Trainee: 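Structure below; questions to follow.
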Amino acid sequence: MASRVTKFSKTIVPMMDRVLVQRIKPQQKTASGIYIPEKAQEALNEGHVIAVGKGLITQEGKVIPSELKEGDKVLLPPYGGSTVKVDNEELILFRESEILAKIQ
């Protein structure tokens, strides 16, 4: 069953084997309280799964369910995915096969 994003003003339901991910934001200040400039912050390649599609459909019409679920922490590729802006929040839509790993 597909999951939905409801914490935003719009409802987003990924199709088929797509996964909607919110990238984890980099740390904005050091432990001692010094703010890190935006250009010096590293883009993290980790994110949280926000919503998941039903799964991949084979040529025979069978549905292979997604291995991911809402709330999973995942390792993302440095490039790829489709950026979606919802309520000034940047989300990324990936195919499940593009996601590198699930972090436990």
Side-chain angles (χ1 to χ4, degrees):
M1 183 173 189
S3 59
R4 299 168 181 250
V5 175
T6 55
K7 87 175 202 182
F8 300 103
S9 66
K10 296 179 184 176
T11 300
I12 298 175
V13 181
M15 302 300 290
M16 297 175 52
D17 68 332
R18 302 241 178 0
V19 179
L20 190 64
V21 176
Q22 184 173 32
R23 193 177 291 270
I24 294 175
K25 292 182 171 84
Q27 190 174 3
Q28 294 183 345
K29 66 179 181 176
T30 64
S32 60
I34 299 172
Y35 284 94
I36 302 170
E38 209 171 297
K39 290 188 178 191
Q41 294 175 3
E42 263 186 54
L44 297 175
N45 60 345
E46 295 177 6
H48 290 286
V49 175
I50 303 295
V52 180
K54 290 182 181 180
L56 184 64
I57 300 175
T58 64
Q59 289 182 339
E60 295 83 32
K62 294 180 183 177
V63 176
I64 301 171
S66 175
E67 293 182 39
L68 299 171
K69 61 185 185 312
E70 272 185 60
D72 283 347
K73 191 173 180 181
V74 292
L75 186 64
L76 303 171
Y79 303 102
S82 300
T83 304
V84 179
K85 266 201 163 176
V86 179
D87 297 340
N88 290 333
E89 196 71 43
E90 194 171 287
L91 305 173
I92 308 168
L93 199 57
F94 287 100
R95 287 192 177 276
E96 185 179 20
S97 60
E98 294 176 328
I99 293 177
L100 304 175
K102 183 175 169 180
I103 300 170
Q104 294 183 336

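Heads up: numbering here begins at 1 and tracks the sequence. Here the structure is a predicted model, which means the values were calculated and not measured.
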Trainee: To the nearest 0.5 Å, how far apart are OG1 in Thr83 and CG in Leu93?
Mentor: 9.5 Å
Trainee: Donor-acceptor pair, Glu98 side chain versus Arg95 backbone, under 3.5 Å?
Mentor: yes
Trainee: Decide yes or no for Leu20 and Ile92: does some side-chain heavy atom of the first lie under 4.5 Å from some side-chain heavy atom of the second?
Mentor: no
Trainee: Output the distance between atom CZ (Arg23) and atom CG (Leu76), rounded to the nearest 0.5 Å.
Mentor: 5.0 Å
Trainee: In the structure I gave you, are the side-chain heavy atoms of Leu100 and Asn45 within less than 4.5 Å of one another anywhere?
Mentor: no
Trainee: Return the CD to NZ distance between Gln104 and Lys73, rounded to the nearest 0.5 Å.
Mentor: 12.0 Å
Trainee: Grab the two heavy atoms, one from Gln22 and one from Glu89, that are nearest each other, plus how far apart they are.
Mentor: NE2-OE2, 2.7 Å
Trainee: Using the side-chain contact (heavy atoms from CB on, under 4.5 Å) rule, take Val21 and Leu91 through it: C-alpha gap first, then chi angles, then the decisive distance, then the call.
Mentor: CA-CA 6 Å; Val21 176; Leu91 305 173; over 6 Å; no
Trainee: Measuring from atom OG of Ser97 to atom CG of Asp17, what distance do you get when rounded to the nearest 0.5 angstrom?
Mentor: 6.0 Å
Trainee: Is any NZ, NE, NH1 or NH2 atom of the basic residue among Lys102 and Glu67 found under 4.0 Å from an Asp or Glu carboxylate oxygen of the other?
Mentor: no
Trainee: With rounding to the nearest 0.5 angstrom, report the CD1 to CD distance, Ile64 to Glu96.
Mentor: 9.5 Å
Trainee: Say you draw a straight line from OG of Ser82 to CZ of Arg18; how long is it, rounded to the nearest 0.5 Å?
Mentor: 7.5 Å
Trainee: Pick from Val19, Val49, Ile50, Ile103: which one makes a side-chain contact (heavy atoms from CB on, under 4.5 Å) with Asp72?
Mentor: Val49
Trainee: For Ser66 and Gly53, which heavy atoms make the closest approach, and how far apart are they?
Mentor: CB-O, 4.3 Å
